[in-house]
Amino acid sequence: MPAPETSPPLFDVAVVGGGLVGTAIAWGLARQGQRVAVLDEGDVAIRPSRGNFALVWLQSKGLGMPAYAAWTKHSTDLWTGLAAELREETGIDVAYERRGGFQLALSEAEVAARAAMQRRLHSQPDMVVYPYEMLDHDAVARMLPAIGPEVAGGSYCPLDGHCNSLRLLRALHTGMQRRGARYLPEHRVEHIDPQAGGFRLRHQKGELHAGKLVLASGIGNARLAPMVGLAAPVRPQRGQIVVTERLRPFLPYPVATIRQTDDGTVLLGDSQEEAGLDDSVGSEVTAVIADRAVRMFPRLAQANVVRSWAALRVMTPDGFPIYDESQTAPGAFLATCHSGVTLAASHALALAPMLAGGSLPAQMRAFTARRFDVPPTA
Amino acid sequence: MSKTAALNPSCQLVVIGAGPAGLAAATTAAKLGVDTVLLDEQPAPGGQIYRAITETPVTKRSILGMDYWHGAELVTAFRSSGARHVPGTTVWSVTREGEIGFSVGGAARLIEAERIILATGAQERPFPIPGWTLPGVMTAGAAQILLKASGMVAEGRVVLAGTGPLLWLLAAQYLRAGGRIVTVLDTTPPANRRAALPYLPNFLGSDYLGAGIALLREVKARVPVIGDVRSLRLLGENRVREVVYQSGTAPERRIGADLVLLHQGVVPNLNLANAIGCRQEWHEDQLCFVPVIDAWGTSSIERVAIAGDGAGIAGARIAAERGRLAALEAAHRLGRIDAYRRDAEAVAPRRAITRFDKGRRFIDLMYRPRAEHRVPQGDTLACRCEEITAQQIVEAVKLGSTGPNQMKSLLRCGMGPCQGRLCGLTITELIASARGVSPADVGYFRLRPPIKPITLAELASLPKSEAAVQAVVRG
Amino acid sequence: MFRRLPEPAVAPVSITIDGMPVEAREGDSVAAALLAAGHARCRSSSVSDAPRGPYCMMGVCFDCLVEIDGAANRQACMVRVAPGMRVATQDGRRELRA
Ligand SMILES: Cc1cc2nc3c(=O)[nH]c(=O)nc-3n(C[C@H](O)[C@H](O)[C@H](O)COP(=O)(O)OP(=O)(O)OC[C@H]3O[C@@H](n4cnc5c(N)ncnc54)[C@H](O)[C@@H]3O)c2cc1C
Ligand code: FES
């Protein structure tokens, strides 16, 4: 709990960052009855929430950190409830579907690599148990009849799904504001001072006081975290995505790199490139994306690409999220991850109540950034 | 296609757009010995004003007028210049490193250029009023293209509505071609006159003044013109049937229509420049964004120059002169001419620009379209592709969406096949008006290649490096 | 809706629109041929199925999308007619054929 307040601040919590992580937490906090302010940058910002692939995805996550696999599974289990609640509250259908999803391989070598990776993942101690299968070409073709002859096989997990992440962002914005949260765009936070009874945030337009603080500003966390005794060793990782015109439905399940949205457009992606803050798109990478997509689904060859974009993922050194609370400035928390769509349900319905309560319980300790302080043992 | 097969994978200068700016630029550069390639989407040179100049079926010269036939000289000079013309070529990407992606005959190609001149011209300003998406509603420019390229004139009940010189030009061309126009609904706000008046003296020195007045007389003598038209709605089920308008303080009136031709000025076609990352700024007189360029047309990206109406609306004559200036600078930077020669050869184009620019301010202010016709309301579509209404945009502003890029994420506006070409300005102005700030503070869509659709097969056929493969394939 | 000027004869080009034979002229864009044949509407939109037709004739609006020789969603105003060309109006979203 924060130190006793001298003059009560207007807001119980200030959430820094209005992307998917920040708004999911803010909506969750508002749902707990907290008075929330969300401070955000303006129209042009590094905001992966606008450029993501919209998978709600479990398979292959957590090799090296079983707690992450469990946290992810928990989120996918909560997702149906989140979608229903947002729909009820805002009238916005975020188009969540959980019919299972595929990861496809274009050679026997790719199949073998996938199978080995899955074995290692699922044989970790404390690994959460959930169903998945490796399928050969014919088995994949029974579920995805449009695949091409080059598809050698793939993995399938019935718990995977996808949503419309742009509508998710809109629903979270709408929902949190209906619940009284204040959204403050063009309030880039420059400085944070912990002080008695909470935090003082200096932003581009002035100052704001709040009892608690949640840093959810993606790449921006790296700069802000040290101001409240936290660490966020994050770097941007570029992901390029290619989008087609609207098409009649032909893809009944999402594939990790190809999915058809409820609007009919097909998203193809997404690369993982170390390119610093450069979010430009280039045909070298998009050509590979297109080539693999056409080999997986030959009929896509005729589809028109209407857009491409690059978004910057927020990556930690081990690729897993950081959830942390400050030892020196109690009441300051940090949340960062690269799968803000998948984890939106956990953030809104599990993490937010913890934050409202004022501390992170023991089960969240695996996610502390202090894990990076320990020199890796052999 | 055989022409492209012969294209080298690189050249010194690529000019994009074969209107007056691009033709003049390519001609000037090639004559100075620069290895020049001119790419254009159209099958024949000419751009918009000189559309189909080499092949139009409209042979009676008086119909299209002298200003049109002037284009023939440009094409003749270009043909003997030594520059290579690749028609039917859609450029969908230009990188800062000078790599140009284009499609021709259904195949994608890349070419590298040391310097690039964008001469992609103008497009008509969006005219977002109720019913503007109905079949049978087109732009005046569209009707003019049908006339120039196919010798077609509208028949039946034809209504023209809007403002700006091109509206009157089209009306005159139609009448000369024997077409009939039921009425012209002039939406020019009468208050514009007051704003433009101080610039009239300068206009008096212009070559265009006399021609403009004659044109207005020509049309007004033969077609009823209704002035001060404020509200405008188009009705119909499967196609337009009726125009409902309200002029001055008079009550609303209706007229039957089979074809409605809308126009309220032209604005720079900025998609390519924007996608490369060239800086642009709001132009308050012309109510549009224009790229930031120096006296030679060089953009904020050193390798890229912008000439013609794509650099700000100034008309065809100035477009050609600005094309020449950009070409001189390109020749200079490519080591073909020294700075003295560049400056000496620039004297004549600069003088011509001063002459043709007289009256531009007057015209800009005189024909500034009305706010009601730029900033729609209620369920009028702002984004035609994704069918996003004005009301939806205004509501998203209330949610805290302060600019078009966040708006795109919330509503998908600008994400359809036209890639924001026909909603970009409307969205910016809508947000600006809802927030009570200037469009300059709101900004514009940030665009990405491909700026024109290409097929996945075309994209897949482009070169791929091992690093790119590694970035995509997952274990 | 449109008529041709009685200018010198331009060579005719035979195409079909929705299976019906139509005589276009050399130099016509597909959109011009559609309009000359009385088709103001060439598709219905992929969002709400609303009727749409050519608007700008210069490649800006993408409302003139039609199927040309089997390939859907082509800009009719940017493609020239050719002898034997098969043009079809479209409804809603495009279907990808196997
Ligand atoms: C529809 C219309 C009709 C007009 N009619 C008249 C008129 O009758 N009289 C008049 O005085 N002014 C007219 N104007 C204004 C006039 O067009 C301009 O002043 C003049 O054409 C500008 O010349 P430009 O060279 O800058 O561009 P343009 O003449 O517009 O030429 C640009 C060229 O670039 C090409 N292009 C654009 N993007 C790409 C790409 N990505 N890849 C390949 N090629 C590309 C286009 O195909 C076009 O050929 C008209 C404008 C419009 C939009
Ligand atoms: S009519 Fe506008 S793109 Fe063809």
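Given the structure is predicted, the values throughout are model-derived calculations rather than measurements. Every heavy atom of this structure was used, including side-chain atoms; hydrogens, water molecules and symmetry mates were not.
Contact tally against chain C (heavy-atom pairs below 4.5 Å) for B/Gly156, B/Ala154, B/Gly136, B/Gly88: the top residue is B/Ala154. Counting heavy-atom pairs under 4.5 Å between each of B/Arg157, B/Glu387, B/Gln419 and chain C puts B/Glu387 at the top. Options B/Val158, B/Val240, B/Asn238, B/Thr133 differ in how many heavy-atom pairs under 4.5 Å they form with chain C, and the most are formed by B/Thr133. Interface summary for chain C: among B/Leu146, B/Asp258, B/Leu422, the most heavy-atom pairs under 4.5 angstrom belong to B/Leu146.
C/Arg41 is linked by a side-chain hydrogen bond (donor to acceptor under 3.5 Å, both in side chains) to C/Asp91, counting only residues two or more places apart in sequence or in another chain. The side-chain hydrogen bond (donor to acceptor under 3.5 Å, both in side chains) search around B/Ser103 returns B/Trp92, B/Glu458, not counting sequence neighbours.
With a 4.5 Å cut-off on non-hydrogen atoms, B/Leu262 touches chain C through its side chain but not through its backbone. Using a 4.5 Å cut-off between heavy atoms, B/Leu381 touches chain C through its side chain atoms alone. Both the backbone and the side chain of C/Asp28 come within contact range of chain B, each with at least one heavy atom under 4.5 Å from a heavy atom of that chain. Heavy-atom distances place the side chain of B/Glu55, and not its backbone, under 4.5 Å from chain C. Proximity to chain B is limited to the side chain of C/Arg80, based on heavy atoms less than 4.5 angstrom apart.
Looking at heavy atoms from C-beta onward, C/Phe62 lies out of side-chain contact with B/Arg384 at the 4.5 angstrom threshold. Within the 4.5 Å cutoff, the side chain of C/Met57 has heavy atoms near those of the B/Met138 side chain. A 4.5 Å side-chain heavy-atom check between C/Leu5 and B/Met152 finds every atom pair outside the cut-off.
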